[in-house]
Amino acid sequence: MIIEYFGDDKLPALMLIHEGGLGAWMWRPVIERLKRDYWVLTPVLDGHGPDAGHDFATIAQCAGQIESFIQSRLSGQNLYLAGCGLGGQIACELLSRSPHAAQAAVIEDAQVIPSPKARQRERFGKLQWKLSKTRPFVLRKAKSLGLPQEMQNEYLRDARSMSQVSYRRMLHETLYYTLPVEFKNTSARILALHSEADGPNLGFSAQLMARNAGNCRIQALPGKALCLKEPETYVNLIHHFFKEENP
């Protein structure tokens with residue numbers, strides 16, 4: 001795992017964990033708006049982009065790597081956390097392993113209930129990996145995710161660099177991930193965002209987080225991931241939440 005840094009390290013730390021198959025670059029519009037108020041940290045997950053040489057293993061391993069980084073570099077420092085998709089699942093795992101790791105977390109579109117179509121989707125994993133090397137398929141996927149034009153070539157580059165091992169492990173982990181029982185121990189304030197356009201499972205996942213965490217607020221969003229499609233709205237939302245205002 002590679003950690004990239006932006007802004008002044010004397011400011012409160014904010015870690016942004018990217019979606020599976022994307023990269024730390026997905027946060028670029030968000031970083032530009034946040035680095036005035038936070039020291040922004042963006043992990044590049046194993047198997048992705050410049051860290052494609054280290055195959056993705058598990059969500060638990062990624063959370064463990066981040067936990068080790070926090071203990072060695074951020075001990076005693078205020079930390080805020082945000083993650084989308086796979087990044088949101090890793091955030092949940094981190095808060096379960098280390099309940100006081102963050103003061104507050106915004107978790108968007110994190111599926112924490114195994115997908116009812118997991119076996120069917122996993123069965124097509126090999127074909128999807130092959131298709132992810134082709135430009136037309138990747139560009140259609142980028143458009144469906146709401147990636148702006150300037151990020152689509154980066155998405156294509158990273159898709160082509162990901163190994164089949166990383167792709168299939170990541171797919172398996174995201175489809176079968178289950179919220180740990182220890183999540184109930186987290187002291188972090190949590191804002192669970194879920195996109196209504198992606199079906200009810202994300203909403204059920206947000207409800208499960210709220211039932212288990214002591215201080216979790218749910219917010220449904222129209223369309224796809226807000227952090228990608230409307231970065232300015234996303235920044236305002238999380239900034240207000242971190243400042244303990246009503247988002």
Side-chain angles (χ1 to χ4, degrees), residues 1-6 15-28 30-31 40-70 72-73 81-98 107-112 114-115 118-119 121-135 137-142 144-147 151-178 180 225 227-228:
M1 180 179 290
I2 299 167
I3 308 285
E4 299 176 350
Y5 308 87
F6 304 88
M15 181 172 285
L16 306 172
I17 311 175
H18 67 78
E19 167 67 289
L22 303 186
W25 46 262
M26 68 167 269
W27 297 111
R28 193 180 302 128
V30 172
I31 291 167
V40 182
L41 315 171
T42 55
V44 179
L45 302 176
D46 290 348
H48 292 74
D51 209 17
H54 297 96
D55 284 330
F56 182 89
T58 64
I59 287 171
Q61 178 173 300
C62 290
Q65 290 171 322
I66 293 173
E67 183 181 30
S68 297
F69 171 82
I70 291 170
S72 64
R73 292 292 307 275
L81 191 63
C84 180
L86 172 63
Q89 293 171 320
I90 293 168
C92 288
E93 187 73 18
L94 173 64
L95 294 174
S96 301
R97 295 168 61 108
S98 185
I107 299 172
E108 183 172 12
D109 289 351
Q111 181 176 289
V112 298
S115 170
R119 290 184 181 179
R121 290 184 60 187
E122 217 176 2
R123 198 174 300 127
F124 292 105
K126 187 174 181 180
L127 174 61
Q128 289 176 327
W129 176 77
K130 289 181 178 178
L131 288 172
S132 72
K133 309 301 178 183
T134 65
R135 186 177 184 87
F137 178 85
V138 172
L139 293 183
R140 283 197 302 272
K141 180 71 172 177
S144 73
L145 290 170
L147 288 178
M151 291 184 181
Q152 292 181 8
N153 285 333
E154 290 169 293
Y155 183 40
L156 177 62
R157 178 200 64 205
D158 285 5
R160 287 175 170 171
S161 69
M162 181 175 285
S163 71
Q164 186 177 15
V165 170
S166 287
Y167 186 91
R168 297 189 75 173
R169 285 177 180 169
M170 182 179 66
L171 181 62
H172 179 86
E173 285 284 301
T174 56
L175 290 173
Y176 289 96
Y177 183 71
T178 303
C227 61
L228 291 171

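Here the structure is a predicted model, which is why all the values come from computation and not from measurement.
For the atom pair His172 NE2 and Thr58 OG1, the distance stands at 10.5 Å (nearest 0.5 Å). Note that NE2 of His48 is 11.5 Å distant from CG of Asp55, once rounded to the nearest 0.5 Å. Atom OG1 of Thr174 is separated from atom CZ of Arg169 by 14.0 Å, given to the nearest 0.5 angstrom. Taken from CD1 in Ile70 to CG in Leu94, the straight-line distance is 4.5 Å, to the nearest 0.5 Å. To the nearest 0.5 angstrom, Leu86 atom CG is 11.0 Å from Glu93 atom CD. Leu156 CG to Leu147 CG: the interatomic distance, rounded to the nearest 0.5 Å, is 11.5 Å.
Results of the side chain to side chain contact (heavy atoms under 4.5 Å, CB included) test with Met15 over Val40, Leu81, Thr42 single out Leu81 as the only residue that passes.
Counting non-hydrogen atoms of other residues, nucleotides and ligands closer than 6.0 Å to NZ of Lys126 gives a total of 12 or fewer. Within a 6.0 Å sphere centred on CZ of Arg157, heavy atoms belonging to other residues, nucleotides or ligands number more than 12.
Val44 approaches Glu4 most closely through the heavy-atom pair CG2-OE2, 3.8 Å. Here the closest non-hydrogen pair linking Phe137 and Gln128 is CE2-O, 4.4 Å. Annotation for Asp51 and Met1: closest pair OD2-N, 2.8 Å, computed over non-hydrogen atoms. Contact between Lys133 and Ala159 at its shortest, heavy atoms only, is NZ-O, 2.7 Å. Considering every non-hydrogen atom in both Ile107 and Ala91, the closest pair reads CG1-CB, 4.3 Å. Annotation for Met26 and Cys84: closest pair CE-CB, 4.3 Å, computed over non-hydrogen atoms.
Annotation: side chain of Ser132 is not in contact with side chain of Met162 (no heavy-atom distance under 4.5 Å). Residues Arg168 and Phe56 fail the side-chain proximity criterion, which asks for heavy atoms closer than 4.5 Å. In this structure the side chain of Phe6 never reaches within 4.5 angstrom of the side chain of Leu16, judged on heavy atoms. Residues Tyr5 and Ile3 meet the side-chain proximity criterion, which asks for heavy atoms closer than 4.5 Å. By the 4.5 Å heavy-atom criterion applied to side chains, Leu171 and Trp129 are not counted as neighbours. Using a 4.5 Å cut-off on side-chain heavy atoms (C-beta onward), Leu45 and Ile90 make contact.
For Arg160, the salt bridge (Lys or Arg N to Asp or Glu O under 4.0 Å) criterion is met by no residue, not counting sequence neighbours.
For residues 18-27, the pairs satisfying side chain to side chain donor-acceptor pair (under 3.5 Å) are Trp25-Asp158, with sequence neighbours left out.
Side chain of Glu108 to main chain of Gly88: no donor-acceptor pair is present (N/O by atom type, distance under 3.5 Å, no hydrogens or angles). Although no hydrogens or angles enter the test, the distance criterion places a donor-acceptor pair under 3.5 Å between the side chain of Ser96 and the main chain of Cys92.
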Please tabulate, one pair per line, all N/O donor-acceptor pairs under 3.5 Å involving side-chain atoms of residues 59-68, not counting sequence neighbours.
from: Gln61; atom 1: NE2; to: Asp46; atom 2: OD2; distance (Å): 3.4
from: Gln65; atom 1: NE2; to: Asp46; atom 2: OD2; distance (Å): 3.1
from: Glu67; atom 1: OE1; to: Arg97; atom 2: NE; distance (Å): 3.1
from: Glu67; atom 1: OE1; to: Arg97; atom 2: NH2; distance (Å): 3.1
from: Ser68; atom 1: OG; to: Gly64; atom 2: O; distance (Å): 3.1

Hey, mind stepping through Tyr176 and Gln111 against side-chain contact (heavy atoms from CB on, under 4.5 Å) and telling me if it holds? CA-CA 9 Å; Tyr176 289 96; Gln111 181 176 289; over 6 Å; no
